[in-house]
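Let me begin by presenting the structure, written as structure tokens, before commenting on it.
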Amino acid sequence: MRKNIVAGNWKMNKDLNEGIALAKEVNALAAQAVPKCEIVLGTPFIHLAEVSKTVDDSKITVAAQNCADKVSGAYTGEVSAAMIKSTGAEYVILGHSERRAYYGETNAILKEKVNIALANGLKPIFCIGEVLAEREADKHFDVVKSQIEEGVFHLSPTEFGKIVLAYEPVWAIGTGKTATSAQAQEMHAFIRGIIVKKYGAQLADDTTILYGGSCNPTNAKELFANPDVDGGLIGGASLKAGDFMAIINAF
Ligand code: PEP
């Protein structure tokens, strides 16, 4: 069964105390509601263990925003998938466009990260999406297809069943410029179509595909109403508990 998810991506925001306070606020709001989706908090590494302990894990799970492409050893400054798992986190966001653009993460590196995350019991939230020039050149479908083929299509059906995809047009991230509901649905249906060809209709139907890019309390309802949009990956609006909860309540 396909799961609806609203996942916050805090990026490099909030010190430890601020992060715990935000998690407590989201937890309190979620306790008063009956959320129709799984709630995920994508926190910086240092918050993971404390936030995991703070939230009600029957409603809220925790995600890291990255993991190392190596298992363990002499990789100063890196954080392994096993370490993340040991904090209580369930997910790891991989392939975010900021990681691809600023930290040189290629599809080949991401494939390694996906493998290591899965081997350590973490579920990847795998991000894909085109930059503006690619959309303007009508290459957005090709770009997204290769990101998926090179990042996750080597997986067995059982492994692929643990992946959440997040379509995030890069031109919509943090810009206040959202893809239209029709543009989101068109790409999500395209993505589901290529999953059908690779893994069959059942697995494609079960795959959660999130939309990300300036999703907010005002546009979430229309975006989530699309048959192939199964929730959102939320940046800016996840930093305010009230806004994040309003997006969750859009389901
Ligand atoms: C993101 O970075 O994943 C994102 C969707 O950011 P924003 O919601 O701020 O556009």
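Every number for a ligand or one of its atoms is a count from 1 in the order of the listing.
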- Item | Under 4.0 Å from ligand 1 - residues by heavy atom, chain and number |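 Residues near ligand 1: N9, K11, H96, E168, A172, I173, G174, G212, G213, S214, L233, I234, G235, G236.
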
- For the side chain to side chain contact (heavy atoms under 4.5 Å, CB included) test, which of N4, V229, D230 pairs with F224?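 Of all the options given, the one that passes is V229.
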
- Message: Applying the side chain to side chain contact (heavy atoms under 4.5 Å, CB included) criterion to R100, which one of I128, V170, I109 satisfies it?
- Response: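 In the set I128, V170, I109, the residue that makes a side chain to side chain contact (heavy atoms under 4.5 Å, CB included) with R100 is I128.
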
- Could you verify whether a donor N or O on one side chain and an acceptor N or O on the other, from K59 and N27, lie under 3.5 Å apart?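 No, no side-chain donor-acceptor contact under 3.5 Å.
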
- Any sub-3.5 Å donor-acceptor pair from T87's side-chain atoms to M83's backbone N or O?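 It does not hold such a pair.
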
- Query: Taking R2 for the side chain and T208 for the main chain, is one N or O donor matched with an acceptor at less than 3.5 Å?
  - Reply: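 Looks like no, no N/O pair under 3.5 Å.
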
- Item | Evaluation steps, side chain to side chain contact (heavy atoms under 4.5 Å, CB included), between I116 and K113 | CA-CA 5 Å; I116 293 172; K113 293 191 177 196; 5.9 Å; no

